[in-house]
Amino acid sequence: MADEKSDPLVHRREKLERLRAKGINPFPYRYDRTHKLAEVAGGFEHLEGKTVAVAGRLMSVRGHGKTMFFHLQDQTGKLQGYLRQDAVDEDTFALFKDFDLGDIIGVSGEVFKTKTGETTVKVRKLEILAKSLLPLPEKWHGLTDVDIRFRRRYLDLIVNPEVMAIFAARTKTLRAVRAFLDKHGFLEVETPVLQPLYGGAAARPFVTHHNALDMRLYLRIADELYLKRLIVGGFDRVYEVCKDFRNEGMDREHNPEFTMVEFYAAYLDYHDIMKLFRELILHIAREVRGSETLQLGEEVIDISGEWPEVPLLESIRTATGRDFANSSIDEVRRLATEIGVDLTGKNTWGQIIDEVFSEKVQPNLVRPTFITDHPREISPLAKANRRDETLAERFELFVGGKEIGNAFSELSDPDDQRERFESQSRQAGAGDDEAHVMDEDYLRALSYGMPPTGGLGFGIDRLVMLLTGAASIREVILFPTMRPEGT
RNA sequence: GGGGGUGUAGCUCAGUGGUAGAGCAUCUGCCUUUUAAGCAGGUGGUCGUAGGUUCGAUCCCUACCACCCUCACCA
């Protein structure tokens, strides 16, 4: 055990007991606050000489014997306080000695400006509102250990003000999404997280168990099939802000649980959805960033102009000089190998085309680009392309080399859909553990008739990364998935 | 899962084959407009964990754990 003379934890405990010995509750029930800190800091003109009561976390103290300067922090910002011995009674001045950095305190007094021009509250009364028993990270270097930042997000938020700005932007993003979709006649709905069958995406699920029903349940990997059931049921336009769960690796762009927005609109096709999606992204950018821009690290991208729309096979032809259209599977395999694409685990024509695209085209799609008309084989929930049976009516939006959204003219022919599921089952049998599973109830729903429908899904986390310039998905998720804390 | 890196005081980091240092925080004293306040003094560490080599390991070796980067899978 550390020596008590220097252990900050011991000293904080001692101060706690000293407060109690004075009859002061270190964790009182409420405080009458007249202003938030930024309101005082920015409102000197009409607050000068007036008495205010403010509260916040004590972040720094500069003592000068019979006088102290300190800063409080709340969600709005910081405010300086000034305590002088001759302006308060003895108990109040002594009370400050029982305060530590990190304590939540209440301060009331008059607003004035110091000779350096900083708006400050001259203390008349002090109150402890919550004693902090653990020391804050160092004031100058702060907290940089990313592991601790994510595990103890509360600490990250206290010490790194820009973190709060990122999450404010995330909230604004979701608000903008909802406002836009509501305005366009979409109804927000909720569908099951616990599903007896998983579907709507190519991914491995988390598995759980329901005791009363003694049945296996999956955490959803997408809400797509439920939303389209609702279109069958007669909803014209629906959307869901949807936590999805995929049992896969984690890295800078992947967290096991993440937030998707999916929306579906009856009587629209993928061209209509494309226009709508572009408007949506521009709307979000304006709301969150105040301009039609996105941010890739330090680089700001203007997205106000036209967004190119390129068929996938054409994008490959342009990038590689090779034409994969109208080629047999052996032919595309040869072409792909020729340009150095690793085809391990890629068995079908569509998977090979997709792999070539991912390696040779996608990383270069920095400015917003719609890639359209993917191989039908890798698009089991999309209608066949009306101009080419081997392709689907599908687009993906790419920004900064990353996929931002994925949309189809939704497949509504139940017999066609059954064949697609069956083909997926064969792929599962061949070892593809991300293939779709057969969903008889979904086929039954389609059999009652689904209107022509356009639908789209896009990941909120990655969009927020582009809106804030965050380099890692963990920077935009308040509590990212972590291994259990060691030791 | 493969490859690379990191792990030393509460925090940010130096450093050495002979059991350790700085700044900040903390404690004591001085200081009535400071702001990374200052000055003086003090306390504080089983050097990630477990083995091994060695007379002796925080340092060298091995394994493990955690995190970061990167590749693979995916949104």
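For clarity, every value in this text was computed on a predicted model and none was experimentally measured. A, B, ... follow the sequence lines: proteins, then strands. Residue 1 opens every chain. Hydrogens, waters and symmetry mates are skipped; everything else that's a heavy atom, side chains included, is used.
- Remark: of the listed residues A/Y239, A/F186, A/F277, A/F186 is the sole one forming a ring pair (Phe, Tyr, Trp, His ring centres under 6.0 Å) with A/F263.
- Classified by interplanar angle (parallel below 30°, tilted 30° to 60°, perpendicular above 60°), the ring pair A/F112/A/Y82 is tilted.
- Dashed line: the shortest gap from a side-chain N or O of A/R151 to OP1 or OP2 of B/C67 is under 4.0 Å.
- Side chain to side chain, A/E393 and A/H374 fail the donor-acceptor criterion of an N or O pair below 3.5 Å.
- Ring to ring, A/Y226 and A/Y442 are not that close: their centroids are 6.0 angstrom or more apart.
- Across A/N160, A/D156, A/L155, a single residue satisfies side chain to side chain contact (heavy atoms under 4.5 Å, CB included) together with A/P137, and that is A/L155.
- On the C1' atoms, B/A40 is 37 Å away from B/G48, given to the nearest whole Å.
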* Asked: Can you give one letter per nucleotide of nucleotides 31-38 of chain B, 5' to 3': B if a protein heavy atom sits under 4.0 Å from the base, S if only from the sugar-phosphate, - if neither?
  -> BBBBBBB-

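- Atom name C1', nucleotides B/U62 and B/C68: the rounded distance is 23 Å, in whole Å.
- Looking at A/D251, its side chain comes within 3.5 Å of the base of B/C73 through a donor and an acceptor atom.
- Using atom C1' as the reference point in both B/G17 and B/G56, the two lie 8 Å apart (nearest Å).
- A/T191 and A/E240 share a side-chain donor-acceptor pair at under 3.5 Å.
- Of the residues near RNA chain B, A/I148 and A/M250, the one whose nearest nucleotide (by heavy atom distance) lies more toward the 5' end is A/I148.
- Of the residues in residues 353-365 of chain A, not one comes within less than 4.0 Å of RNA chain B through any heavy atom.
- A donor-acceptor pair shorter than 3.5 Å cannot be found between the side chains of A/T67 and A/R62.
- Looking at A/Y218 and A/R220, their side chains never bring a donor and an acceptor atom within 3.5 Å of each other.
- Here the rule is side-chain hydrogen bond (donor to acceptor under 3.5 Å, both in side chains) with A/D98, and of A/R12, A/R18, A/K131, A/K15 only A/R18 fits it.
- A/W307 carries A/R278 over the face of its six-membered ring, with the cationic atom under 6.0 Å from the centre and within 45° of the normal.
- Stem regions annotated for RNA chain B: B:1-7 with B:65-71, B:10-13 with B:21-24, B:26-30 with B:38-42, B:48-52 with B:60-64, counting only runs of 3 or more consecutive pairs of Watson-Crick or G-U type with both contacts under 3.5 Å.
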